[in-house]
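Report on the structure given below.
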Amino acid sequence: MTLTLTDVRLTYPDGDRRLVALDAVNLRITPGELVAVTGPSGSGKSSLLAVAGALTSPESGTVRIEDADVTALDHKGRDRLRRERIGFVFQQANLLASLSALDQLLLVAHLSGASRRPAEARARQLLDRVELGGKAHKRPHQLSGGERQRVGVARALMGTPALLLVDEPTSALDHDRGEAVVSLLRDIAHEQHVATVMVTHDLHYLHLADRTVAMQDGRLAAG
Ligand code: ADP
Ligand code: MG
């Protein structure tokens, strides 16, 4: 699935003025491509993901996912698009403390109405893919930070997304674990033809991306 942002502008209220979070942003990401977005804190990276993932509507400009104009969808249409086509991975894996790794994935399938048996087969396959097949029954406190983040990646893939949006996945990890998570994201993007946008301000991992773009004050430049 190709993601295309055209001339996107997003502002937030800021007293009696507006704060410009995204300004004339153009970006196109094709299936199987891992694009890294860098830039200082406050430059608009998370805002970019929120717009790309149909969590926020831009003030102007368009967001297209394949042929669909996301900005023209209503609330329900956006919810459905997110559920069916988009996976999110955040800074913290945000796992539920009481659930095993396997159940974190099954919960997603259950909430989207999938039947149990195929969901379990897919969940086990994904846990194998992130090298946690042997830890499917461990709960978050029994896993390391890197392992928790890998569960988060597997969970984001449960719905077979065509677009994966990842916000600072390595910020809680040491360098080796961070590199393992970014390599995994790249390999998954390539193998499963997922268009992947990864925000990171950590320059160590950029060599793993297919392409890097940089945000500065809400504007995007080739990195
Ligand atoms: P980054 O992820 O690069 O740190 P953000 O996209 O979070 O940047 O923020 C871009 C700018 O928009 C910052 O100035 C931030 O303070 C502001 N901002 C982000 N979210 C909101 C919000 N919900 N309301 C108001 N201002 C916001
Ligand atoms: Mg951010």
Side-chain angles (χ1 to χ4, degrees), residues 3-29 33-65 70-71 73 75 78-79 81-82 86-95 145-146 148-150 152-153 155-156 161 163-175 177-179 181-182 184-186 189 194-223:
L3 169 73
T4 313
L5 276 66
T6 309
D7 215 12
V8 165
R9 178 180 171 86
L10 175 71
T11 64
Y12 296 112
D14 181 25
D16 49 7
R17 306 176 52 207
R18 307 282 302 179
L19 186 148
V20 180
L22 297 175
D23 189 16
V25 168
N26 291 291
L27 181 66
R28 184 180 167 85
I29 299 182
E33 191 179 29
L34 172 65
V35 174
V37 179
T38 65
S41 178
S43 60
K45 304 181 301 296
S46 294
S47 298
L48 178 72
L49 291 187
V51 168
L55 291 165
T56 306
S57 292
E59 182 178 294
S60 60
T62 55
V63 179
R64 286 186 169 274
I65 289 181
V70 176
T71 36
L73 295 174
H75 191 69
R78 290 202 303 272
D79 282 354
L81 177 76
R82 275 201 306 276
I86 304 176
F88 292 92
V89 179
F90 299 102
Q91 192 165 340
Q92 304 285 340
N94 295 323
L95 303 176
R148 286 199 290 270
Q149 196 55 297
R150 274 147 53 203
V153 171
R155 181 182 55 187
L163 175 63
L164 191 59
L165 300 171
V166 188
D167 201 351
E168 308 267 12
T170 59
S171 54
L173 305 180
D174 63 35
H175 181 263
R177 289 187 167 126
E179 181 141 328
V181 167
V182 178
L184 174 70
L185 289 166
R186 180 201 51 191
V194 185
T196 304
V197 187
M198 179 186 71
V199 162
T200 179
H201 62 245
D202 195 334
L203 306 180
H204 287 111
Y205 305 114
L206 298 184
H207 69 282
L208 294 166
D210 296 311
R211 189 154 60 90
T212 299
V213 294
M215 292 277 326
Q216 176 78 51
D217 295 333
R219 287 183 164 260
L220 204 55

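Read the numbers this way: they start at 1 and go in the same order the structure lists the ligands and their atoms. Note that the structure is predicted; figures quoted are calculated from it, not measured.
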Just to check, does Ser43 reach to within less than 4.0 Å of ligand 1 when the distance is taken from its heavy atoms?
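Contact present.
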Sub-4.0 Å heavy-atom contact, Ala50 with ligand 1:
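The answer is no: ligand 1 sits nowhere under 4.0 Å from a heavy atom of Ala50.
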Proximity of Asp14 to ligand 1 by residue part, where a heavy atom lies under 4.0 Å
neither
Pairs of nitrogen or oxygen atoms closer than 3.5 Å, one from Gly44 and one from ligand 1: do any exist?
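Yes, Gly44 has an N/O under 3.5 Å of an N/O on ligand 1.
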Nearest heavy atom to atom 9 (O) of ligand 1 wins, so pick from Ser46, Ser47, Pro13.
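Looking at heavy atoms only, the winner is Ser47.
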At a 4.0 Å threshold, what atoms of ligand 1 neighbour a non-hydrogen atom of Leu19?
11 (C), 12 (O), 14 (O), 17 (C)
Under 4.0 Å to a heavy atom of Pro40 - the qualifying atoms of ligand 1, by number
3 (O)
Of all the non-hydrogen atoms in the protein, which one sits nearest to atom 23 (N) of ligand 1, and at what distance?
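Of every protein heavy atom, Tyr12 CE2, 3.8 Å lies nearest to atom 23 (N) of ligand 1.
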Looking only at protein heavy atoms, which one is nearest to atom 10 (C) of ligand 1, and what is the separation?
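Nearest neighbour among protein heavy atoms for atom 10 (C) of ligand 1, to 0.1 Å: Gly42 O, 3.4 Å.
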Strictly under 2.8 Å, is the Mg ion (ligand 2) approached by any N, O or S atom of Ser41?
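Given the 2.8 Å cut-off, Ser41 does not count as a ligand of the Mg ion (ligand 2).
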Can you confirm whether something in the protein, heavy atoms only, sits under 4.0 Å from atom 25 (C) of ligand 1?
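It does; a protein heavy atom is within 4.0 Å.
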In the complex you have, is atom 12 (O) of ligand 1 within reach of the protein, judged by whether a heavy-atom distance drops under 4.0 Å?
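So far as the 4.0 Å threshold goes, atom 12 (O) of ligand 1 is in reach of a protein heavy atom.
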Check the surroundings of atom CZ in Arg28: do more than 12 heavy atoms from other residues, nucleotides or ligands lie under 6.0 Å from it?
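Result for CZ/Arg28: open.
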On a heavy-atom basis, which atom in Val181 and which in Pro169 lie closest, and how many Å separate them?
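Minimum heavy-atom contact is CG1-CB, 4.3 Å.
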Straight-line distance of Gln92 CD to Glu168 CD, nearest 0.5 Å
11.0 Å
Could you tell me whether the side chain of [Y] reaches within less than 4.5 Å of the side chain of [X], counting heavy atoms only?
{"X": "Val89", "Y": "Leu165", "answer": "no"}
{"X": "Thr196", "Y": "Glu33", "answer": "no"}
{"X": "Val37", "Y": "Lys45", "answer": "yes"}

Parallel, tilted or perpendicular, as decided by the 30° and 60° cut-offs, for the rings of His175 and His204:
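Because their plane-to-plane angle is over 60°, the rings of His204 and His175 count as perpendicular.
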Is Arg17 salt-bridged to Asp14, going by a charged N under 4.0 Å from an acidic O?
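The answer is no: the pair does not qualify as a salt bridge.
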